[in-house]
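Input: a single structure, listed below in structure tokens.
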Amino acid sequence: MSSSSRRRPDRRAARAPAALLLTALLVLCHGPLPAAAAIPLPVIAVLPGAERTSLVVDLGAGAARTATVTVDGAPLRAELTPVVSDRLAVALVVDASDAGAAALPAWLSAAARFILEVPAGTLASAIADTSPPAVLAPPRRGPAGVVRALSSVRAAGRRSTSSALTLAMRQFPATATGPRVVVVYTTSPDAGGENAAALGARLARAGTILVVVGTAGGGTYWADAARATGGFFAPAGTPVVVPALDQVETTLRGRHLVRFATPRSLPAHVSVRIDTGGLSLTGGALVTADPGPAAAVLPPDRTPGTTSGAWWWTIVGCVTLLAAAALILPYRRRRPRPVLQAGTPTVARGRASVPHAPAGREPPATP
């Protein structure tokens, strides 16, 4: 029988050393494969307080389950709360000035739709931004009072936006522990005299998230002020399109608060991990006494004071394994098949084959 019928060597056994080497490279140079995929956690802002601090994080449509916080490497008890929940307290500030009269119907409609979409147990109030600012609806549970008050607003007077925001923050109970949100509907490009950094810091110290709905093209004032509080600026076109304003409630539902006791020593680096079942999100932030630019959001691996010795050992191990791979893999060649001479018996499927006889001769008789 010809040599092509010989049993070929098992290639899987020959590939085993290479597979083990590649696995070692992946584990050492990239790290062990985690049980759940870890992705960066968007930490939007830090809201520091005398007793408790909150991190505003964006989870999108993910269903968060638990939050783990470490402060300078020490674990700390944390509470994870969605902003849009039955514990929400919200104050609506509507530009009711003569200058904003053209957009007022759209603002009133958007504010009413928003308060109807949040949970029924939300503590809601409404403020008119005019001279002087006025309370349209005092804080109460449920949307009925706010919707009724918004339906009777008429444009008059001049804006007093900074004072209106102060009046809105006074509507929150001092003992309330749930999320606080101020939603402003305005055509004004700013708050009137108070710069964006000061306004953002003032609301952040009070643990209040600022969301502003305004006409596009008015600069970055509202976006800068809202970002410092964990909120956002929602630009509306001219004329204002009401369905676009409904996205405010959808975006706000992605925001969550991670609350924990304020560290005794500030500044302090905080690392946070949120598990959503199939995913783990990790992020970090620097907590300071002032919620200004120093309260920076940091990636989770930028913990101050960590040593880099482990990284050197990892680099040495990676270089060693790569050198071994360069030496071993090129020599994994297929062995040449043996050349059979005429008359050499071969074994196939357990039976001896008859040797090939030279030309002109009969094969030997089998006994």
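Residues: numbered from 1 along the sequence shown. Note that the coordinates shown come from a computational prediction; the quantities given were computed from them, not determined experimentally.
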So, the side chain of Trp222 versus the backbone of Val184: is there a donor-acceptor pair under 3.5 Å, distance only?
-> no
Per the side chain to side chain donor-acceptor pair (under 3.5 Å) rule, which among Asp190, Asp129, Asp95 passes with Arg159?
-> Asp95
Value for CG (Leu41) from OG (Ser271), rounded to nearest 0.5 Å, stands at 11.0 Å
Establish whether Phe232 and Leu165 are linked, either directly or via other cluster members, by ILVMFWY side-chain heavy-atom contacts under 4.5 Å.
-> no
Rounded distance [0.5 Å steps], CE in Met169 versus CD1 in Ile127 = 12.0 Å
Could you pull out the closest heavy-atom pair between Thr288 and Pro267, with the gap in Å?
-> CG2-CB, 3.9 Å
List for me each residue that meets side-chain contact (heavy atoms from CB on, under 4.5 Å) alongside Thr220, sequence neighbours excluded, and say none if there are none.
-> Asp224
Between Thr282 and Val272, does a side chain to side chain contact (heavy atoms under 4.5 Å, CB included) hold up when you go through it step by step?
-> CA-CA 6 Å; Thr282 58; Val272 57; over 6 Å; no
Taking atom CD of Glu249 and atom CD1 of Ile115, what is their separation to the nearest 0.5 Å?
-> 10.5 Å
Ser280 side chain to Thr276 backbone, donor-acceptor under 3.5 Å | no
When every non-hydrogen atom of Arg255 is compared with those of Gly230, the smallest separation belongs to NE-O, 3.0 Å
Distance-only check: which donor-acceptor pairs under 3.5 Å involve side-chain atoms of residues 139-158, not counting sequence neighbours?
from   : atom 1 : to     : atom 2 : distance (Å)
Arg141 : NH1    : Gly121 : O      : 2.6
Ser151 : OG     : Arg148 : O      : 2.6
Ser152 : OG     : Ala149 : O      : 2.9

Decide yes or no on side chain to side chain contact (heavy atoms under 4.5 Å, CB included) for Ile274 and Leu279, but give the supporting numbers first.
-> CA-CA 8 Å; Ile274 295 180; Leu279 295 175; over 6 Å; no
Val213 to Phe233 - nearest heavy-atom pair and separation | C-CE1, 4.5 Å
Without hydrogens or angle criteria, can the side chains of Thr70 and Arg273 be said to hold a donor-acceptor pair below 3.5 Å?
-> no
Report yes or no: do Val57 and Val69 belong to one cluster of Ile/Leu/Val/Met/Phe/Trp/Tyr joined by side chain heavy-atom distances under 4.5 Å?
-> yes
Would you mind reporting whether Arg202 and Thr166 have side-chain heavy atoms less than 4.5 Å apart?
-> yes
Interatomic spacing from CZ in Phe114 to OH in Tyr185 - rounded to 0.5 Å = 6.0 Å
Indicate, with yes or no, if Val212 and Leu92 share a hydrophobic cluster defined by side-chain heavy-atom contacts under 4.5 Å among Ile, Leu, Val, Met, Phe, Trp and Tyr.
-> no
Val118 reachable from Val94 in the ILVMFWY side-chain graph, under 4.5 Å edges | yes
Do Val211 and Val182 have side-chain heavy atoms sitting under 4.5 Å apart?
-> no
Heavy-atom distance under 4.5 Å between the side chains of Leu59 and Leu281, does that happen here?
-> yes
Can I get a per-line list of side-chain donor-acceptor pairs under 3.5 Å for residues 78-85, giving both atom names and the distance, sequence neighbours left out?
from  : atom 1 : to    : atom 2 : distance (Å)
Glu79 : OE2    : Thr81 : OG1    : 3.4
Glu79 : OE2    : Arg87 : NH1    : 2.8
Ser85 : OG     : Pro82 : O      : 3.3
Ser85 : OG     : Arg87 : N      : 3.4

Would you give the length of the straight line joining atom OG1 of Thr68 to atom CG of Asp275, rounded to the nearest 0.5 angstrom?
-> 6.0 Å
Distance, nearest 0.5 Å, that separates CZ of Arg170 from OG of Ser125 | 13.0 Å
Any donor-acceptor N/O pair, Arg77 side chain to Phe260 backbone, under 3.5 Å = no
Results of side-chain contact (heavy atoms from CB on, under 4.5 Å) for Ala268 - residues two or more places apart only = Val71, Asp72, Pro263, Leu266
Listing, residues 203-210 side-chain donor-acceptor contacts under 3.5 Å, not counting sequence neighbours, or none:
from   : atom 1 : to     : atom 2 : distance (Å)
Thr208 : OG1    : Ala206 : O      : 3.4

Closest heavy-atom contact between Val258 and Ala67?
-> CG1-CB, 4.3 Å
Heavy-atom pair of closest approach, residues Thr186 and Trp107 = O-CZ2, 3.5 Å
side-chain contact (heavy atoms from CB on, under 4.5 Å) against Asp86, all qualifying residues, sequence neighbours excluded | Pro119
For Ala285 and Leu55 the tightest heavy-atom approach is CB-CD2, 4.2 Å
May I ask you to check whether Thr53 and Thr262 show a side-chain donor-acceptor distance below 3.5 Å?
-> yes
Check: Ser160 side chain, Ser163 main-chain N or O, donor-acceptor pair, under 3.5 Å = no
Is any side-chain heavy atom of Val90 closer than 4.5 Å to a side-chain heavy atom of Leu123?
-> no
Decide whether Tyr221 and Val183 are clustered together by the hydrophobic rule: side chain heavy atoms of Ile, Leu, Val, Met, Phe, Trp, Tyr closer than 4.5 Å, transitively.
-> no
